[in-house]
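Okay, so here's the structure we're looking at.
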Amino acid sequence: MGKRSLTVKKLLAELTEILREAGLPDPKLEIPKSPEHGEASCTSAFELAKKLRKSPMEVAQDLASKAKSLLEKRKGLVKSIEVVEPGFINFRVDWPSYAVRIIEDVLNSAEAYGASDMGKGRRILVEHTSVNPNKALHVGHARNVCLGSALARLYEFAGFDVIVANYIDDSGSQMADIILGIKHLGYSKEPPEGMRFDEYCGDRIYVGVNRLLEQKPELSEKKRLLIKEIEDRSSESFRLSREVALMVLKEQLKTCWRLGASYDIMNRESDVVAFGLWEEVFSRLKQKNACYLATSGPKAGCWMLDLSGHKKLSKEGDEVLVKSDGTTTYVARDIAYAAWKLGIVEKDFKYKLFGKNPDQSDILITDVDGDVDFKVGRVDATIAVVDVRQRRPQEIVRYALGLLGADPSRYVHFAYEVVSLSAKEAERMGLKVSDAEFVHMKGREGIYVKVDSVIDSIKEKVISETAQRHPDWNPKKVEQVAESVAVGALVYALVKGDADKIIIFDREEALKIEGDTGPYLQYSYARACRILEKAQTKQVKVVRRENLEKQEIDLLREVSLFPLVVEESVKLMLLKKLANYAYGLASAFNNFYESCPVLTEDEETMNFRLNLVKAYLITMGNCLRVLGVPIVQEM
RNA sequence: GGGCCCGUGGCGCAGAAUGGACAGCGCACCGGCCUUCUAAGUCGGGGGUCGCGGGUUCGAAUCCCGCCGGGCCCGCCA
């Protein structure tokens with residue numbers, strides 16, 4: 001890793017200093033949206049005007065003239081100051097020297113360009129994916145995986161020590177459905193030839209069993225008994241459910257890896273109780289008087305979490321933790337698990353090796369006979385990537401942590417909206433839609449679109465496109481590039497939008513690879529690679545260039561902003577900031593590419609531009625890596 | 001009934017943390033640009049009462065209140 005990048009921050013620091021000296025204790029600085037307003041702008045004149053009973057223009061002019069005289073003495077990055085109606089103070093830099101600073105900064109920092117140390121010394125646990133181990137991933141799960149893994153990489157890039165966890169809900173109803181199918185309804189444990197086990201479980205057994213449950217209500221009793229039986233760790237059903245869960249998980253991970261995710265630990269829900277986490281948390285809750293045994297009413301015999309102190313949750317009544325039959329609810333186990341994540345319980349999991357990520361790092365899984373020495377230890381915060389429908393239970397967990405004496409702000413629910421199917425897409429699946437615009441996916445009814453099928457569809461299109469463009473490529477190369485481009489298209493589509501907005505999935509739309517898409521970013525990167533590839537010279541010194549073209553400046557500007565965007569994205573937990581930035585960066589490069597030839601220019605210009613292209617590649621590369629859009633050298 | 005989220009050109013979105021400089025972009029549509037580093041690109045054109053109504057402010061897509069439309073959550077399920 002190279003040095004940390006400083007250029008933009010230096011500029012902002014310099015301006016703050018100048019303005020302070022000019023008499024502004026706390027100057028309001030912003031980066032103008034449009035380059036024509038300079039590289040930085042101060043809006044303090046507006047708020048000051050009121051106090052001073054002058055017009056914003058007068059105040060601005062006053063400040064600007066003071067700043068100007070200070071400027072002349074300093075010889076810093078700032079070159080000129082101008083006041084613009086109705087009261088902006090705009091600052092311009094000396095671009096030829098600023099450009100050198102930016103490029104040198106990027107080239108020296110290399111893969112660390114944009115990284116920060118804001119998370120230095122802090123450890124966080126990011127939990128994502130957490131798909132029930134009874135089915136293959138659908139596009140809604142893909143949104144979780146992409147957001148979660150990008151978030152983890154973003155935090156890592158920002159200097160945090162990140163642990164990635166995947167919560168495996170291997171007990172309860174959805175697991176019982178599969179066991180019911182295999183043990184009592186004649187479903188084989190082996191999938192049909194050519195079918196993945198996760199798809200077999202989800203598409204055939206889960207859907208099939210639920211159809212039967214609707215038709216034959218007497219089966220429900222059998223299922224109820226199974227759920228209890230699975231909780232008995234010495235039972236045959238428990239053994240079978242573990243086996244099935246592991247087999248499904250193994251297949252699910254292939255999809256996750258395809259999307260660029262990786263994991264450190266996988267925690268099994270069944271182990272939350274087995275390792276005594278719940279027991280400990282339960283007694284602590286009792287100690288703190290946070291829960292009570294209901295003795296009358298409809299919840300008689302249940303242990304309830306007292307929500308009366310919560311402003312909003314209290315309106316909906318207390319929450320059941322232990323059912324009258326003595327078993328725990330999902331929320332209860334989640335509270336115990338969350339307490340473990342924050343390191344406020346004595347009890348701990350044991351782990352054994354489950355497998356390896358594509359980068360060969362270990363994936364551990366909880367196991368009572370675990371033999372791997374692994375401790376999460378104290379984490380400063382934990383982020384649970386879970387869709388919005390679980391806002392209430394997540395808030396209950398958070399509140400319960402507070403009752404246990406932890407700081408609830410350490411528990412973060414990263415909520416995102418669901419992915420639904422467009423009416424067209426639903427019709428393609430043979431569903432009657434009536435006049436609805438979209439249809440929510442439903443696992444047990446078989447209403448969903450699987451991730452791999454989507455990537456494969458895009459890939460198929462990209463393969464024919466690529467083969468046409470590169471008749472000289474062998475099929476293997478075409479296939480590899482197409483895989484990256486297809487994944488890039490899907491990943492970008494899932495992280496670029498507002499997480500609070502529902503995504504209406506339509507296969508036709510997903511196939512688009514023009515405009516504001518992942519391939520647009522990849523393409524601009526590949527074009528830049530080609531320039532460097534064709535250039536014979538290798539390392540050239542960065543030399544000042546006097547008359548910069550507008551497109552060069554625009555590209556430099558974008559490149560220079562990357563570190564700020566990263567920090568902003570971290571602070572606000574907004575991946576779309578980073579994604580939108582990537583688009584603007586690619587766009588700036590494409591404009592540069594269009595009007596600023598590199599290889600055909602005189603040596604001086606060529607060398608400058610080659611370095612600029614290098615700086616672009618580093619910036620875009622770092623950005624794409626965090627987002628999870630695969631990098632391709634050619635396409 | 002209570003709580004949360006969304007509503008910006010025909011369609012899909014950005015802009016909303018810290019109110020500010022003409023509301024940007026993509027798709028679709030129309031018209032240009034490949035003997036020059038990959039046209040998955042680029043340039044130009046038409047198209048918007050920022051859901052509606054109030055309020056705060058020198059200034060509101062952005063903040064506050066009310067309403068309308070759409071979605072989600074409120075189980076001894078997970």
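Everything quoted here is computed from the prediction, not taken from an experiment. Quick note on labels: first sequence line is chain A, next is B, and so on, each numbered from 1. Side-chain atoms are counted along with the backbone in the values below, which use heavy atoms only and exclude waters and symmetry mates.
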Which of residues 570-590 of chain A have a heavy atom under 4.0 Å from RNA chain B? A/Leu572, A/Lys576, A/Lys577, A/Asn580, A/Tyr583, A/Asn590

As its Watson-Crick or G-U partner within any shown strand, both distances under 3.5 Å, B/G53 has B/C65

List for me each residue that meets ring pair (Phe, Tyr, Trp, His ring centres under 6.0 Å) alongside A/Tyr520, sequence neighbours excluded, and say none if there are none. A/Tyr583

If a pair satisfies salt bridge (Lys or Arg N to Asp or Glu O under 4.0 Å) and one of its residues is in residues 24-38 of chain A, list it, with sequence neighbours excluded. A/Lys28-A/Glu47

My understanding is that only residues two or more places apart in sequence, or in another chain, count here; which of them pass ring pair (Phe, Tyr, Trp, His ring centres under 6.0 Å) with A/His413? none

Within residues 457-464 of chain A, residues whose heavy atoms come under 4.0 Å of RNA chain B: A/Val462

Interface residues of residues 33-43 of chain A with RNA chain B (non-hydrogen, below 4.0 angstrom): A/Lys33, A/His37, A/Ser41

Sequence neighbours excluded, the answer for ring pair (Phe, Tyr, Trp, His ring centres under 6.0 Å) partners of A/Phe592 is A/Phe589

Between A/Lys223 and A/Glu229, does at least one N-O distance fall below 4.0 Å, as a salt bridge requires? no

Among residues 436-444 of chain A, which contact RNA chain B at a heavy-atom distance under 4.0 Å? A/Phe438, A/His440

Contact list for RNA chain B against residues 293-304 of chain A - heavy-atom distance below 4.0 Å: A/Pro298, A/Lys299, A/Ala300, A/Cys302

So which nucleotide does B/A40 pair with, by the Watson-Crick or G-U wobble rule with both distances under 3.5 Å? none

Residue pairs fulfilling side-chain hydrogen bond (donor to acceptor under 3.5 Å, both in side chains) with at least one residue in residues 293-310 of chain A, sequence neighbours excluded: A/Asp306-A/Ser308, A/His310-A/Glu395

Under 3.5 Å for both donor-acceptor distances, Watson-Crick or wobble: does B/C13 have a partner, and if so which one? B/G24

Interface limits on RNA chain B, where chain A has a heavy atom under 4.0 Å of a nucleotide atom: B/G2 to B/A78

By ring pair (Phe, Tyr, Trp, His ring centres under 6.0 Å) - contacts of A/Phe238 (at least two apart): none

Can you tell me the pairing partner of B/G1 across any strand shown, Watson-Crick or G-U wobble, with both distances under 3.5 angstrom? B/C74

